[in-house]
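The structure under discussion appears below in the form of structure tokens.
Being a predicted model, the structure only gives us computed values, none of them experimental. Chain letters run A, B, ... following the sequence lines, proteins first and then strands; every chain starts at 1.
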Amino acid sequence: MTVTVNGQCWELPDGSALVDVLSRLGTPPRGVAVALDGAVVPRAFWAGTALRDGASIDVVTAVQGG
Amino acid sequence: MTVTVNGQCWELPDGSALVDVLSRLGTPPRGVAVALDGAVVPRAFWAGTALRDGASIDVVTAVQGG
Amino acid sequence: MTVTVNGQCWELPDGSALVDVLSRLGTPPRGVAVALDGAVVPRAFWAGTALRDGASIDVVTAVQGG
Amino acid sequence: MTVTVNGQCWELPDGSALVDVLSRLGTPPRGVAVALDGAVVPRAFWAGTALRDGASIDVVTAVQGG
Amino acid sequence: MADDPLVIAGREFGSRLILGTGGAANLAILEQALLAAQTELTTVAIRRIDTTGGVAGVLDLLTRHGIEPLPNTAGCRSAAEAVLTAALGREALQTSWLKLEVIADDRTLLPDPIELLDAAEQLVDDGFTVLPYTNDDPVLARRLADVGCAAVMPLGSPIGTGLGIRNPHNIEMIVAQAQAPVVLDAGIGTASEAAFAMELGCDAVLLASAVTRAEDPPRMAEAMRLAVQAGRHARLAGRIPQRFWARASSPDR
Amino acid sequence: MADDPLVIAGREFGSRLILGTGGAANLAILEQALLAAQTELTTVAIRRIDTTGGVAGVLDLLTRHGIEPLPNTAGCRSAAEAVLTAALGREALQTSWLKLEVIADDRTLLPDPIELLDAAEQLVDDGFTVLPYTNDDPVLARRLADVGCAAVMPLGSPIGTGLGIRNPHNIEMIVAQAQAPVVLDAGIGTASEAAFAMELGCDAVLLASAVTRAEDPPRMAEAMRLAVQAGRHARLAGRIPQRFWARASSPDR
Amino acid sequence: MADDPLVIAGREFGSRLILGTGGAANLAILEQALLAAQTELTTVAIRRIDTTGGVAGVLDLLTRHGIEPLPNTAGCRSAAEAVLTAALGREALQTSWLKLEVIADDRTLLPDPIELLDAAEQLVDDGFTVLPYTNDDPVLARRLADVGCAAVMPLGSPIGTGLGIRNPHNIEMIVAQAQAPVVLDAGIGTASEAAFAMELGCDAVLLASAVTRAEDPPRMAEAMRLAVQAGRHARLAGRIPQRFWARASSPDR
Amino acid sequence: MADDPLVIAGREFGSRLILGTGGAANLAILEQALLAAQTELTTVAIRRIDTTGGVAGVLDLLTRHGIEPLPNTAGCRSAAEAVLTAALGREALQTSWLKLEVIADDRTLLPDPIELLDAAEQLVDDGFTVLPYTNDDPVLARRLADVGCAAVMPLGSPIGTGLGIRNPHNIEMIVAQAQAPVVLDAGIGTASEAAFAMELGCDAVLLASAVTRAEDPPRMAEAMRLAVQAGRHARLAGRIPQRFWARASSPDR
């Protein structure tokens with residue numbers, strides 16, 4: 001299936017979960033948050049959250065600013 | 001019946017119309033507007049607008065200001 | 001003899017007077033003043049003021065300014 | 001004789017010296033300067049400076065200011 | 001010297017000074033001030049008839065001199081109050097022009113941005129020519145123009161303070177982004193401030209207390225009339241740039 | 001509206017704007033500016049005839065319009081230079097009126113207080129009507145009046161900078177102590193600043209670059225004429241006091 | 001010298017200077033600046049991880065020095081955007097504290113008053129400790145406090161302009177009516193302006209560009225630390241009143 | 001953070017704040033203020049012993065804390081008076097350092113430029129280290145340095161007014177042309193103004209009333225100490241330029 005990760009298209013095997021995206025991104029253990037289709041998904045639910053084809057995922061962290 | 005005219009209580013004979021209030025006020029022919037229960041009543045409708053008991057009437061004009 | 005007129009050297013025949021310098025300059029009839037060796041010479045005295053060799057003459061007028 | 005000390009008239013025995021005025025004032029050992037008739041007299045010369053009748057003496061020190 | 005007229009909602013005005021009628025000691029002084037100001041448009045408040053002396057007085061005065069009355073919603077605290085007052089003003093004066101004021105409190109008399117924008121939107125939809133009194137926030141000014149206000153009228157400082165134009169930078173930003181005429185409204189205390197408003201690029205100046213509460217209102221009205229013209233011409237004439245060091249105006253010796 | 005004339009050394013002037021002639025691109029533009037300014041007195045510099053174009057030009061222009069020339073000592077660095085230049089100006093223009101300038105350096109064109117006071121004293125003794133260009137020091141202004149100057153002419157900011165009136169407090173102190181008319185001279189860049197000078201209590205304004213170097217000199221001259229009148233009337237009209245909190249100009253609802 | 005701590009939402013801070021991390025050339029310079037500023041709270045932005053270099057860098061830096069990160073919603077244009085960004089920031093940093101920004105346009109970076117108030121209300125209801133970046137409108141500041149914001153953070157002038165505090169009168173009105181701590185946020189360019197903010201009665205100062213974009217950021221951070229303390233003490237010390245005429249500090253002679 | 005010492009006449013000072021002792025309610029408060037200010041040099045007046053209470057008090061206090069006394073000529077009206085007072089101060093305090101004041105009148109306490117320059121020249125010739133209190137005229141400041149003054153001390157505004165720095169442009173011109181250290185003297189009312197003086201490029205600040213007449217003199221002294229350091233660092237740190245439009249401090253989203 002195809003999902004959008006931070007604006008880029010990714011091909012994922014069917015049945016992938018949110019956690020698969022984050023491990024592929026090499027997400028650090030802290031300081032990161034994820035939105036799936038515009039809603040925040042707490043870290044505790046990453047593993048249990050299955051992805052649908054066309055899902056939009058945003059992975060963010062804190063950077064210098066403001 | 002009793003109506004309120006610019007905050008004061010008036011006793012009016014039943015069947016009074018808005019125009020009766022205005023004539024009693026000696027309203028000048030121009031520069032005046034009337035609100036009945038919070039809605040503006042154009043001059044053309046004063047005669048035809050019957051008053052109910054407890055009606056609230058505001059009669060305003062332009063004064064120095066602003 | 002040699003005199004300095006507004007910073008330039010002029011050769012003049014001996015016995016020249018201040019008025020000779022001014023006529024050579026084509027000085028207008030008004031709006032002009034003359035200093036001979038740093039002192040003002042009123043127009044009335046131009047004719048009667050003889051020049052010495054080495055004299056310094058300034059002829060000035062009003063210009064836009066200030 | 002009569003001298004003026006900081007604006008006040010003092011009677012002094014003839015032959016008085018500047019130092020006599022200062023001792024009578026109980027002048028502290030430091031932080032003081034003296035002018036006799038408008039001229040500063042260094043501390044070293046107080047003893048040797050005789051006073052004339054009518055002499056004007058100013059004794060000053062440092063105070064809060066500025 | 002020639003100048004374009006002020007144009008608001010397609011209507012031309014020869015004068016760029018709008019005088020408010022509030023605060024004058026009496027109608028005679030107000031009349032002299034209005035004539036000295038040579039204003040063509042002047043604000044009036046809408047009030048219950050028995051709460052005021054000289055009801056018809058001010059209207060007759062304006063009619064006599066052909067000065068257009070601009071009803072305001074002074075004192076309204078909510079969009080709803082302002083909308084009703086606007087409707088009454090339109091009915092009473094038979095004009096759809098309106099100076100819209102929605103005030104947040106009596107101490108500052110500053111506009112409430114949320115209620116003001118709400119009221120402006122409703123009144124524009126209802127066919128009013130809306131001239132809103134606003135603060136000097138460039139964003140609110142732009143949003144008021146976006147909803148269709150015929151002009152935006154930012155303050156220089158709070159009503160009646162005479163503190164002049166406290167934030168020229170904001171006024172310059174408003175002018176730079178303006179989709180509608182900009183009228184400096186409120187805070188002006190003296191003539192140089194009215195001239196300054198025009199130099200900043202405002203299209204007109206609206207003031208009341210500065211004239212009506214001056215010791216000599218007609219003379220101050222005259223001062224304001226001249227100042228607005230002066231500032232307008234100075235803006236058009238292209239002022240000299242500022243320099244740190246001096247530059248001589250006489251030739252070298 | 002009625003106003004007293006400006007009186008300097010017993011002579012009355014209807015206009016309180018003194019225009020300098022320096023900096024104009026050409027005589028035609030200068031002529032339009034002078035007429036728009038409606039000035040009655042204007043400064044000219046004294047220079048060697050062969051060092052300038054259009055010698056007689058400016059004088060003829062002033063004569064044609066009945067504008068009084070005021071010779072200056074622009075560029076002089078010492079009392080001695082200024083005294084000689086003054087004498088030449090008096091002889092050339094047959095007037096004892098003088099704008100006295102004694103400059104300390106080319107970068108600031110600020111007056112040298114010691115040389116200026118010295119020159120002023122000599123020239124007053126020699127019968128000149130001395131109008132000194134001075135800095136905004138209230139002490140120097142008072143001393144210039146004390147030695148008999150017919151007016152004092154403090155700067156707002158250095159010549160040609162267009163920085164306006166940098167220290168209104170000093171100008172107010174000069175006005176408060178003035179024994180002679182106060183003419184704000186130099187630094188004005190735009191109309192509101194000329195109006196402000198008058199509101200501070202100055203009796204007149206003298207400027208050149210602000211008009212002659214503007215993009216449209218005649219229009220800026222008009223702006224300055226109006227601004228000086230506006231500021232004068234505002235001063236006389238008694239402005240409203242400044243307040244921290246607002247004050248309504250419409251009656252309560 | 002003793003002073004009360006700054007208290008926001010029941011939490012005490014020894015430092016009244018909040019430093020933003022934006023604009024620093026690199027983390028090493030940022031680190032020196034943060035230490036020189038002795039700040040206890042500092043803003044960070046929330047961005048997609050692959051759009052930025054040194055993802056974890058800034059957080060590690062703050063953790064290492066025990067400086068509390070304050071996530072912001074910089075760049076958000078609507079309440080909806082800001083609410084989502086706030087939720088992401090809370091999840092990422094495990095803090096309910098938030099610097100709320102809802103910007104109207106890129107040119108002014110001024111807050112949109114309507115969207116800002118809407119977002120503030122939603123986020124307060126959702127349990128956030130909301131510190132809104134707002135304009136200097138006393139009415140909007142009061143409404144933000146009324147909906148439960150933990151502090152109000154009015155600007156001195158637009159972000160990054162270095163124009164200082166353009167309207168001290170508005171800041172004074174905000175302070176006079178404040179129901180919550182007032183943090184002067186944005187516009188500060190140099191130390192005296194930070195001191196001035198505190199003298200006006202602000203409880204703290206938030207700045208970034210003034211330090212991070214200075215030629216020597218650590219030294220400017222030091223300057224700001226000292227200035228905020230200086231201004232705070234000056235406010236508490238009770239300054240002398242202003243006088244028109246002089247008053248001697250030495251006894252008469 | 002490191003900084004060069006202030007150097008006047010070859011002597012180094014770690015503190016750039018010079019505190020005047022005038023105006024303190026009593027010696028105990030003065031002592032606390034001097035210690036909080038951490039000043040190394042402080043002015044004292046010279047007066048007849050019987051015209052003052054606590055003669056030796058202030059000197060003992062300064063000696064006890066190793067603070068250098070700087071005698072002044074406060075109240076002198078002529079060069080002659082100042083020269084005699086200077087000689088008495090030198091004799092009394094055994095120092096050739098002098099704060100030279102020659103005042104023109106009691107209302108403004110402004111220096112008389114002619115008498116001041118005359119006295120400065122005489123005293124330099126007589127071996128004094130002359131620190132003249134002057135107005136903010138760049139020309140007079142330069143002439144004072146030219147005759148050999150060890151520093152120039154221009155005012156921000158008249159003594160005791162608390163009006164701050166009324167003409168920053170003049171101070172900037174003085175600094176730009178300075179041949180000697182520039183000490184901002186007089187007029188400071190609060191901390192931000194002391195910081196501003198340093199940002200303008202002054203080498204030090206001298207003040208008395210702002211501290212001694214504040215409600216809490218020791219706290220204000222602390223504020224001034226911090227403010228002078230803050231302004232100095234800000235000057236050295238290279239502030240950001242001012243911009244008309246905003247510039248984001250967070251990356252784009």
Side-chain angles (χ1 to χ4, degrees), chain E residues 1 20 22-23 36 45 47 51-52 72 74-75 106-110 158-163 189-193 195-196 199 208-210 212-216 218-220 222-224 226-227 229-231 233-234 236-253, chain F residues 1 20 22-23 36 45 47 52 72 74-76 106-110 158-163 189-193 195-196 199 208-210 212-216 218-220 222-224 226-227 229-231 233-234 236-253:
Chain E
M1 199 160 284
R47 293 292 181 269
T51 62
T52 71
N72 69 28
D106 287 338
R107 212 165 162 211
T108 67
L109 295 179
L110 290 170
I159 294 169
T161 58
L163 292 175
T190 185
S192 57
E193 296 161 356
F196 185 40
E199 290 167 349
S209 306
T212 57
R213 295 194 165 118
E215 291 173 24
D216 182 345
R219 188 182 288 276
M220 188 59 88
E222 167 94 350
M224 293 299 181
L226 294 164
Q229 291 174 13
H233 282 307
L236 296 175
R239 63 155 291 161
I240 56 172
Q242 294 191 328
R243 306 161 42 88
F244 185 87
W245 297 109
R247 179 181 182 191
S249 58
S250 298
D252 294 342
R253 302 179 73 236
Chain F
M1 200 160 282
R47 294 290 181 270
T52 70
N72 69 28
C76 293
D106 287 339
R107 212 166 164 207
T108 67
L109 296 179
L110 290 169
I159 293 169
T161 58
L163 292 175
T190 185
S192 57
E193 296 161 356
F196 185 39
E199 288 167 351
S209 306
T212 57
R213 295 193 165 118
E215 291 174 22
D216 182 344
R219 188 181 289 276
M220 188 58 89
E222 167 94 350
M224 292 299 181
L226 294 164
Q229 292 175 13
H233 283 305
L236 296 175
R239 63 156 291 159
I240 55 173
Q242 295 190 326
R243 305 160 44 86
F244 185 88
W245 296 110
R247 178 180 182 192
S249 58
S250 298
D252 293 343
R253 302 178 75 235

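Comparing F/S209, F/G189, F/A227, F/G231 by heavy-atom pairs within less than 4.5 Å of chain E, the highest count is held by F/G189. Per-residue counts of heavy-atom pairs under 4.5 Å with chain E were compared for F/A195, F/S249, F/G22; the largest is that of F/S249. Between chain F and the options E/A210, E/G160, E/A234, E/A230, heavy-atom pairs under 4.5 Å are most frequent for E/A230. Ranked by heavy-atom pairs under 4.5 Å with chain F, the first of E/G75, E/G23, E/P241, E/P158 is E/G75. Ranked by heavy-atom pairs under 4.5 Å with chain F, the list E/T108, E/L109, E/D216, E/I240 is led by E/I240. Contacts with chain E were tallied for F/M224, F/E193, F/E215; F/E215 has the most, counting heavy-atom pairs under 4.5 Å. For the options E/A248, E/A208, E/G20, heavy-atom pairs under 4.5 Å to chain F are most numerous at E/A248. Highest contact tally toward chain F, considering only E/A214, E/A246, E/G162, E/A191, is held by E/A246 [criterion: heavy-atom pairs under 4.5 Å]. For chain E, the option among F/R107, F/R243, F/Q229 with the highest count of heavy-atom pairs below 4.5 Å is F/R107.
Tested against E/L236 for a side chain to side chain contact (heavy atoms under 4.5 Å, CB included), the candidates F/M220, F/R219, F/E222 yield a single pass: F/R219.
Heavy-atom distances place the side chain of E/A45, and not its backbone, under 4.5 Å from chain F. Within the 4.5 angstrom heavy-atom criterion, atoms from both the backbone and the side chain of E/P218 approach chain F.
Contacts of F/L163 classified as side-chain contact (heavy atoms from CB on, under 4.5 Å), with partners at least two apart in sequence or in another chain: E/Q242, F/S157, F/T161, F/R166, H/H169. Residues forming a salt bridge (Lys or Arg N to Asp or Glu O under 4.0 Å) with E/E199 (at least two apart in sequence, or on another chain): none.
Here the closest heavy-atom approach between residue F/A36 and residue E/M1 is recorded as CB-CE, 4.4 Å. What you find for E/S250 and F/N72 is that their closest heavy atoms are OG-ND2, 3.8 Å. The two residues E/A223 and F/H233 have their closest heavy-atom pair at CB-CB, 3.7 Å.
Atom CH2 of F/W245 is separated from atom CD1 of E/I159 by 14.0 Å, given to the nearest 0.5 angstrom.
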